[in-house]
> 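Handing you this structure, nothing more for now.
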2 protein chains.
Amino acid sequence: MNDSPADSRTRLLDAALKVIRTRGYSATRIDDICAEAALSKGSFFHHFASKEALAVEAARHWSAVTDAFFAAAPYHQSADPLERVLGYIDFRRSILSGLVPEFTCLVGTMVQETYDSSPAIRDACEASISGHAATVARDIELARAKYAPNAPWTAESLALHTQAVLQGAFILAKARGNARVAEESVDHLKRYVELLFHPTNPKEH
Amino acid sequence: MNDSPADSRTRLLDAALKVIRTRGYSATRIDDICAEAALSKGSFFHHFASKEALAVEAARHWSAVTDAFFAAAPYHQSADPLERVLGYIDFRRSILSGLVPEFTCLVGTMVQETYDSSPAIRDACEASISGHAATVARDIELARAKYAPNAPWTAESLALHTQAVLQGAFILAKARGNARVAEESVDHLKRYVELLFHPTNPKEH
DNA sequence: GGCACCATACCGACCGGTTGGTATGGAAGT
DNA sequence: ACTTCCATACCAACCGGTCGGTATGGTGCC
């Protein structure tokens with residue numbers, strides 16, 4: 001566990017995120033990851049027992065990286081929970097720029113390919129998605145208690161719905177080759193949340 | 001192009017749909033498809049020039065199969081376009097039963113794996129998704145003209161949003177191992193559409 | 001300091017099963 | 001005879017994983 005400028009294990013994990021996000025899990029070769037990390041196969045198998053074990057660790061690494069990323073995002077500063085929820089959605093929308101593999105989700109991609117073949121990877125992906133949804137659900141629950149205590153939906157299900165919209169938006173972006181469609185879908189999501197919390201304030205509707 | 005009880009080419013395409021939906025594109029082996037279709041590799045390469053060519057044809061076949069499936073669905077019988085739109089969503093929700101590979105989307109799965117490596121497959125998947133969205137958009141546009149002519153969103157973007165929700169719901173279902181989450185997300189989608197068209201009818205909100 | 005010993009980290013050649021694709025030939029219809 | 005359709009046999013490249021070996025550095029003993 002030496003930690004030089006960039007730990008070899010971390011370099012391999014970062015390389016895995018990048019390569020898997022662009023090519024998908026099955027199509028990425030261990031050699032591709034090694035090349036991206038500028039390390040050898042010997043090093044790879046020193047740190048990971050198998051390709052599958054790497055995938056599980058990559059999902060965990062993804063969670064750690066994204067948790068830190070969202071924890072540092074500005075929307076947490078709002079005092080009002082609903083503003084934080086809407087701020088989260090705005091933030092998600094704002095990062096839909098740049099190249100497709102840079103804003104899409106590792107675990108959403110991986111679970112599509114592995115849900116039937118690798119329970120270990122599937123569970124790691126599920127934990128990543130649900131973990132992130134749970135952090136969103138906390139603010140949603142606060143907003144719900146404050147503004148819509150009798151709402152017929154749960155904070156958890158709305159949080160998962162936000163993730164579904166995002167995951168689906170990524171698919172559309174990949175199919176279209178750009179993020180415009182994804183942005184529009186997130187716009188619909190934001191309008192939905194606004195309507196849920198301000199049903200009597202139609203704006204234009 | 002003979003069409004016996006079950007055309008070999010069609011059998012291969014149907015087999016491809018099934019196998020790719022469960023294992024993903026990269027992980028499915030041509031031999032798996034042949035085995036599923038009870039045909040040989042010789043037959044496969046008689047009908048398809050390559051694995052990539054099969055994928056393109058599979059996407060088109062998927063479009064044809066799903067087009068027929070949705071065209072025959074009962075929701076088209078409503079005279080009111082908004083009822084047809086809501087009926088479409090109800091119908092999409094109702095088919096979220098059975099095993100995961102039986103209700104998920106072939107092209108949504110494939111495009112995640114191929115958007116960067118195969119423009120031909122990506123384009124075929126894009127055409128399939130957009131084509132289906134366009135049929136949904138027709139009823140949405142009619143409903144919009146009738147009930148919400150000044151709405152600040154386009155029928156096309158709302159139709160694409162429905163597809164995003166569904167695609168994302170499939171990912172969550174794969175991660176969870178069952179369709180419950182997907183149903184809940186489609187419930188949110190339906191509530192959104194109802195709110196868009198009946199903003200002054202709060203029910204409970 | 002110098003030495004023996006050992007653990008971690010890493011390299012890259014190599015192995016063997018897998019896999020996309022090819023070659024060839026045969027059966028059946030026309 | 002010619003085409004269509006499909007099966008068997010086969011090939012060469014690929015790829016996950018193995019293995020022998022090297023480099024580095026820490027620890028304890030003298």
Side-chain angles (χ1 to χ4, degrees), chain A residues 1-20 22-59 61 110 113-114 116-122 124, chain B residues 1-20 22-59 61 110 113-114 116-122 124:
Chain A
M1 286 292 169
N2 99 57
D3 38 70
S4 17
D7 198 74
S8 290
R9 187 187 137 95
T10 305
R11 261 163 63 205
L12 285 166
L13 286 172
D14 286 335
L17 300 195
K18 180 171 182 181
V19 179
I20 295 175
T22 70
R23 301 184 209 182
Y25 171 71
S26 296
T28 83
R29 303 303 154 208
I30 291 176
D31 284 334
D32 299 336
I33 296 172
C34 295
E36 178 70 31
L39 287 167
S40 70
K41 225 173 185 177
S43 178
F44 181 96
F45 281 101
H46 172 73
H47 290 289
F48 306 102
S50 64
K51 190 187 175 189
E52 184 182 27
L54 163 85
V56 170
E57 293 304 309
H61 183 59
M110 278 209 302
E113 296 181 64
T114 57
D116 188 68
S117 60
S118 171
I121 300 176
R122 175 175 51 73
Chain B
M1 286 289 169
N2 98 59
D3 38 71
S4 19
D7 196 75
S8 289
R9 187 187 135 95
T10 305
R11 261 163 61 207
L12 286 166
L13 286 171
D14 286 335
L17 300 194
K18 180 170 179 182
V19 180
I20 295 174
T22 71
R23 301 185 209 180
Y25 171 71
S26 296
T28 84
R29 304 300 153 210
I30 292 177
D31 284 335
D32 299 337
I33 296 172
C34 294
E36 179 70 32
L39 286 168
S40 69
K41 233 171 176 181
S43 178
F44 181 96
F45 280 100
H46 173 72
H47 291 288
F48 306 101
S50 65
K51 189 188 176 189
E52 184 182 25
L54 162 86
V56 171
E57 294 304 309
H61 182 59
M110 277 208 303
E113 296 182 62
T114 58
D116 188 67
S117 59
S118 170
I121 300 177
R122 175 175 52 74

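Every chain is numbered from 1, with letters handed out A, B, ... down the list of sequences.
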> Donor-acceptor pairs under 3.5 angstrom involving side-chain atoms of residues 40-47 of chain B: please list them, not counting sequence neighbours.
from, atom 1, to, atom 2, distance (Å)
B/Ser40, OG, B/Gly42, N, 3.4
B/Ser40, OG, B/Ser43, N, 3.4

> Sequence neighbours left out, what passes side chain to side chain contact (heavy atoms under 4.5 Å, CB included) with B/Ala35? Give chain and number order.
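B/Ala35 satisfies side chain to side chain contact (heavy atoms under 4.5 Å, CB included) with no residue once adjacent residues are dropped.
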
> Using a cut-off of strictly less than 4.0 Å, decide whether A/His46 has a side-chain nitrogen or oxygen near OP1 or OP2 of C/dC10.
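For C/dC10, neither OP1 nor OP2 has a side-chain N or O of A/His46 closer than 4.0 Å.
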
> Does C/dC10 have OP1 or OP2 under 4.0 Å away from a side-chain N or O of A/His47?
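A/His47 to C/dC10 OP1/OP2: side-chain N or O found under 4.0 Å.
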
> Could you run through nucleotides 15-22 of chain D and give me one letter per nucleotide, 5' to 3': B if any protein heavy atom sits under 4.0 Å from the base, S if only the sugar-phosphate is that close, - if neither?
SBBB----

> With sequence neighbours left out, write down each residue that passes side chain to side chain contact (heavy atoms under 4.5 Å, CB included) with A/Ala49, or none if nothing qualifies.
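With neighbours one apart ignored, the set is A/Ala53.
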
> With A/Ser26, which residues qualify under side chain to side chain contact (heavy atoms under 4.5 Å, CB included), at least two apart?
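Result, side chain to side chain contact (heavy atoms under 4.5 Å, CB included) vs A/Ser26: A/Glu113, B/Ser26, B/Ala27.
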
> Sequence neighbours left out, what pairs pass side-chain hydrogen bond (donor to acceptor under 3.5 Å, both in side chains) with at least one residue falling in residues 30-39 of chain A?
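Qualifying pairs: A/Lys18-A/Glu36, A/Arg23-A/Asp32.
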
> So do A/Ile121 and A/Tyr25 actually touch side chain to side chain, heavy atoms under 4.5 Å?
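A side-chain contact under 4.5 Å exists here.
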
> Just how far, in rounded Å, is P of C/dT19 from CD1 of B/Ile33?
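That distance rounds to 12 Å.
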
> Between atom CZ in B/Phe48 and atom C1' in C/dG21, what is the gap in whole Å?
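Going from CZ in B/Phe48 over to C1' in C/dG21 covers 15 Å.
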
